[in-house]
Asks: 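Here it is, the structure in full.
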Amino acid sequence: MIQGKSLISINDFSKEEQIDILNLAEEFEKKSNRHILPNHVIATLFFEPSTRTRLSFESAICRLGAKYIGFSDTSSTSVQKGESLRDTIKTVEQYSDLIIMRHPKAGSARFASEVSNVPVINAGDGANQHPTQTLLDMYSIRKTQGALNDLNIAFVGDLKYGRTVHSLVMALCNFNCNFYFVSPQELKIPTEIKYYIKERNLTYSQFTNMNEVIPKVDIIYMTRIQRERFSDPLEYEKVKNSYILNSEMLYDTKPNLKILHPLPRVNEISEDVDNLKEAYYFTQALNGVYIRQALLTSILGAKL
Amino acid sequence: MITELKVSAIDNGTVIDHIPSKSVFTVIKILDLEEDENQILFGTNLESKKYGTKGIIKIKNRYFKEAEINKIALVAPIATIIVIKDYNVVEKKHVSIPDKVFKTIKCINPNCITNFENVAQQFDVIDKKDVILKCHYCEKITDKKNMVFI
């Protein structure tokens with residue numbers, strides 16, 4: 001039963017509940033404008049910048065006929081006066097039926113959901129979780145591969161701080177997937193994620209070179225490597241070009257391979273890849289609207 | 001017993017025995033004994049046939065609830081709790097690591113909300129053997145080596 005629930009970590013929803021959301025999103029893909037939440041007010045609290053997540057949530061809200069209130073920048077709010085997160089949430093819950101929140105501190109969304117009397121959707125909390133991105137990634141994978149089970153999936157780039165990677169790996173552990181982690185030494189997948197995979201008797205392998213992995217996988221999930229994550233700038237200079245995917249690297253691939261990226265991209269996927277049949281990242285961003293419509297509908301208990 | 005002579009007996013209260021020597025002061029901190037007004041006796045680096053050395057703490061007129069005392073299992077997994085009444089041992093039990101740990105440890109993640117807002121620290125114990133804790137809020141793992149007691 002999803003109605004009334006908060007979504008903070010992808011595991012807050014069971015495998016069955018996650019699949020229900022994917023199935024409902026398919027209905028919104030067929031017909032997106034459905035004014036089934038005309039009397040709802042939804043708060044979007046973005047304590048940190050966002051393009052896709054915020055706009056796709058706001059687009060989803062509009063297409064459902066609901067209204068939204070909120071901020072995309074804390075400079076015009078009482079946060080600047082030193083208001084605590086607890087007090088901000090206790091106030092906003094009075095004004096809205098559901099709170100969508102992005103916050104720079106890890107764990108802030110869980111805390112908000114414990115303080116709030118209305119459901120909270122985590123739109124990203126520090127380097128921790130980004131469960132709505134996970135659901136749209138799952139939707140994109142299922143759509144391009146026909147199923148989520150038994151896939152070989154490569155994650156490339158910043159696997160240490162990339163919250164979308166952490167949530168997606170956890171979700172795919174329910175579907176018996178095999179993981180290839182490709183990253184520089186400094187940005188390897190965190191212990192807690194490796195622990196999570198091992199606990200479920202699944203396998204993963206770690207690489208520093210992307211080329212050896214490309215022919216083996218069904219999905220390449222690219223992420224951005226940020227210069228500021230390196231303690232030594234020389235180390236960044238050494239590795240930066242080894243994690244740029246270009247069309248020449250895609251000569252020997254599985255026919256069903258698709259490339260995903262949570263975006264924004266800087267230079268990690270060359271623009272010459274954009275027009276290849278393997279490129280799926282822009283459609284992936286569109287899928288975010290359908291997933292978020294499905295989530296809002298389910299949590300607020302509306303019917304199609 | 002030599003160790004009993006080094007830290008004199010109490011008539012009523014609790015004896016915490018078999019504490020690893022290096023953990024005695026941490027146990028005092030975890031149980032907030034600095035604020036306790038009862039008579040407290042402790043010894044460390046005492047001889048132990050079984051473990052080489054050990055620490056012991058005796059708290060007069062104080063009895064602990066199980067949830068309270070089990071927190072010390074994080075640093076003293078083999079500690080024995082002995083309840084004394086009229087100089088007699090009325091109960092002897094071992095501590096066991098709890099499933100959840102509240103307000104005891106600081107989260108290792110400098111970006112965790114518990115290190116910024118007034119949020120009570122809370123951990124799930126995901127591995128009792130190796131003592132591995134997962135923050136309820138930021139989901140980061142804190143292990144034995146990185147534990148900082150509040």
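No experiment lies behind these values; they were computed from the predicted model shown. Protein chains get the first letters and strands the later ones, always in sequence-line order, with residue 1 at the start of each.
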Asks: What pairs with B/Y137 under side chain to side chain donor-acceptor pair (under 3.5 Å), at least two apart in sequence or on another chain?
Replies: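 Listed in chain order: A/E114.
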Asks: Considering only NZ, NE, NH1 and NH2 on the basic side and carboxylate oxygens on the acidic side, decide whether B/K140 and A/E192 come within less than 4.0 Å.
Replies: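 Salt bridge present between B/K140 and A/E192.
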Asks: Take a 6.0 Å sphere around NZ of A/K90 and say whether it holds more than 12 heavy atoms from other residues, nucleotides or ligands.
Replies: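 Enclosed.
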Asks: State, with a plain yes or no, whether a side-chain heavy atom of B/C112 is found less than 4.5 Å away from one of A/K105.
Replies: no
Asks: Please classify the contact between B/I132 and chain A as side chain, backbone, both or neither, with a heavy-atom cut-off of under 4.5 Å.
Replies: side chain
Asks: Hey, is NZ on B/K106 packed in by over 12 heavy atoms from elsewhere, all under 6.0 Å?
Replies: no
Asks: Restricting to non-hydrogen atoms, name the atom on B/N109 and the atom on A/A106 that form the minimum distance, rounded to 0.1 Å.
Replies: ND2-CB, 3.7 Å
Asks: In terms of heavy-atom contacts, does CD of B/E66 have more than 12 from other residues, nucleotides or ligands at under 6.0 Å?
Replies: no
Asks: Pick from A/E199, A/H166, A/Q129: which one has the most heavy-atom pairs with chain B under 4.5 Å?
Replies: A/Q129
Asks: Taking everything shown except B/Y51 itself, do over 12 heavy atoms lie less than 6.0 Å from its OH?
Replies: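 Counting other residues, nucleotides and ligands, OH of B/Y51 exceeds 12 neighbours.
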Asks: Should A/Y195 and B/D127 count as side-chain neighbours, where that means a heavy-atom distance under 4.5 Å?
Replies: yes
Asks: Above 12 or not: heavy atoms from other molecules or residues under 6.0 Å from NZ of B/K22?
Replies: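 Check fails, neighbour count at 12 or below.
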Asks: Backbone N or O of B/N118 within a donor-acceptor pair of the A/R86 side chain at under 3.5 Å?
Replies: yes
Asks: Tell me, side chain or backbone of A/P104 under 4.5 Å from chain B's heavy atoms, or both, or neither?
Replies: backbone
Asks: Using a 6.0 Å cut-off, check whether atom NZ of A/K194 has over 12 heavy atoms from anything other than its own residue.
Replies: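 Yes, enclosed.
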Asks: Give a yes or no on whether the backbone of A/N128 and the side-chain of B/E139 come within a donor-acceptor separation of less than 3.5 Å.
Replies: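 Side chain of B/E139 to backbone of A/N128, a donor-acceptor pair under 3.5 Å: no, none is there.
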Asks: Which residue out of B/N111, B/D143, B/I141 racks up the most heavy-atom pairs below 4.5 Å with chain A?
Replies: B/N111
